[in-house]
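These notes concern the structure reproduced below.
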Amino acid sequence: MRSFGYYWKEGFRNIFKHGFMSIAAVLIMIACLLLTGTVTLIAYNIDLSIEELQQSNEIVVFIDESLTTREARALGSEFNKIDNIATVEFEDRDVALEKYREELGEDAVILDNYNSANNPLRNSFIFTLKDPTLAEETIKQIDAVEGTDYIRADEDVISKLIQVQRVFNIIALAMVVGLAVISIFIIANTVKLAMFARREEISIQKMVGATNWFIRWPFVIEGMVLGLLAGGLAFLAQWGMYSELANIASGVIPYFHIVPFDGLRWLVLGIYLGAGVLFGIGGSVTSIRKFMNV
Amino acid sequence: MIRMNDVTMVYDNGTRAVNKANLRVDEGEFVFLVGASGSGKTTIIKLLTAEVRPTEGRVLVNNYNVGEMKRRQIPYLRRTLGVVYQDFRLIKNKTVYENVAFAMRTIGAKSKAIKERVPYVLELVGLADKAQIKPMNLSGGEQQRVAIARALVNNPRLIIADEPTGNLDPARSLELMTLFEKINELGTTVLIVTHEKGLVDEFEKRVVMIDKGEVVSDQTGGYYQL
């Protein structure tokens, strides 16, 4: 414990003593975190939008004409039993007729002869699904409910969206993993360069009888402090960049829903600080290993 | 102190640097280890400091068995030794005081002990007035004295010096050997590796000669026999 203060003092002293390498390591870590983080956040938003599109894709079930509105409405409890259904909305045929009139506007005259007694429209249910990939199976379950007459579902659109999402996820994952690997490689090499300058100091410490951990601790602290600094600065830069990108994206693609940064703030901060510390400590400790074998 | 029994050291590339060597150095002795370049002297130093382990035989240094000790015990063996190298191995951006204090700090010494011990050792090697100077601004002889101060500061039982006068002129070499003699008189065992015949002959100490990895002669008060 006596050396605890010494480790911290040495850790901080090394940061300032090797100022240029410290700045280089922090800048490289920031660049790597920002690059990987930005791609991840863009991928996350696109993925979320695709999911929203899938979920907003409704399934409309028209009910057998022989059932009264009350009987038709009662089928709702049957549909609610189906696991994959997220929301169930009943549309009364008379309400549907009124809506249709409103939609037609001036042309609504063509419906003048229709009223609830001779309403040509049917009672219906509108569903959204929890998991669109199970659409086909869910449609079969809906069809099996007695009183269902006709189902309108854009299965093709749903399956195409699912395909798009799968391909996009693979591309995004490959990019994030690739960037992370490149980042680790660059960071490890930067730290190794910094360590190389101190190999003489390490070999002298070994020669006079320092234990491996006595040598390692200041490097661990140095790596941790630089990692935290890089993580914190990268987070602030990401915040600014994200807000700017969100403004641009919402101007260019108005229907593209972007998650506000406020909702992601703590998660991004945690990941950046964690990754910074991990890269910092990992880079330092693995880089000094080869100089320790004296 | 030092016991080497039938020690053989073969490197990974097949070079047999030490061949069935036997050596015994007792507490308080002053020994010159001599031999031509490539005779195996440096490998013996590496064996004594546990930088390499013997392929065969037994090496005992200050009661540590180098061949069988665990890696984590190596620092504790080294704390019982003070090693001086031909190229000084000083940290350039630290002052003389810091270079010496560094060795104490490295083994976890208290600040108070460091403040007391470092000036004493610098005084002993005649560098008390150069404490705040960086090594680059010192002569070769002075730099080597800093290295000796660093080797001495943790109060080792044994000082090992590998060609300590290799980079010095004859006058500085003589001064340095006199310093080693003084250190020995204060009770520390000294083992000096050298191939400088003149110096060895001047001091008339025990001389152990190595040739092709073997101890070929061992004479107390002897001379360097070519």
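Each chain gets a letter, A, B and so on, in the order the sequences are listed, and its residues count up from 1.
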Does any backbone or side-chain atom of B:K46 lie under 4.5 Å from a heavy atom of chain A? Answer side chain, backbone, both or neither. neither
Assess, by modelled atom type and distance only, whether the side chains of B:S139 and B:E142 contain a donor and an acceptor separated by less than 3.5 Å. yes
Top residue by heavy-atom pair count (under 4.5 Å) with chain A, among B:T49, B:L90, B:N154, B:V153? B:L90
Check: A:V259 main-chain N/O paired with A:N45 side-chain donor or acceptor under 3.5 Å: yes
Over all atoms of both residues, closest heavy-atom pair of B:G40 and B:V18: O-CG2, 4.1 Å
Check B:N65, B:N63, B:D26 against B:R3 for a side chain to side chain donor-acceptor pair (under 3.5 Å) and give me the one that passes. B:D26
Check: A:Y242/A:N247 side-chain N/O donor and acceptor closer than 3.5 Å: no
What part of B:R72 lies closer than 4.5 angstrom to a heavy atom of chain A: side chain, backbone, both or neither? neither
If I measure from the heavy atoms of chain A, does B:L81 come under 4.5 Å with its side chain, its backbone, both, or neither? neither
Portion of A:E200 that has a non-hydrogen atom of chain B nearer than 4.5 angstrom: side chain
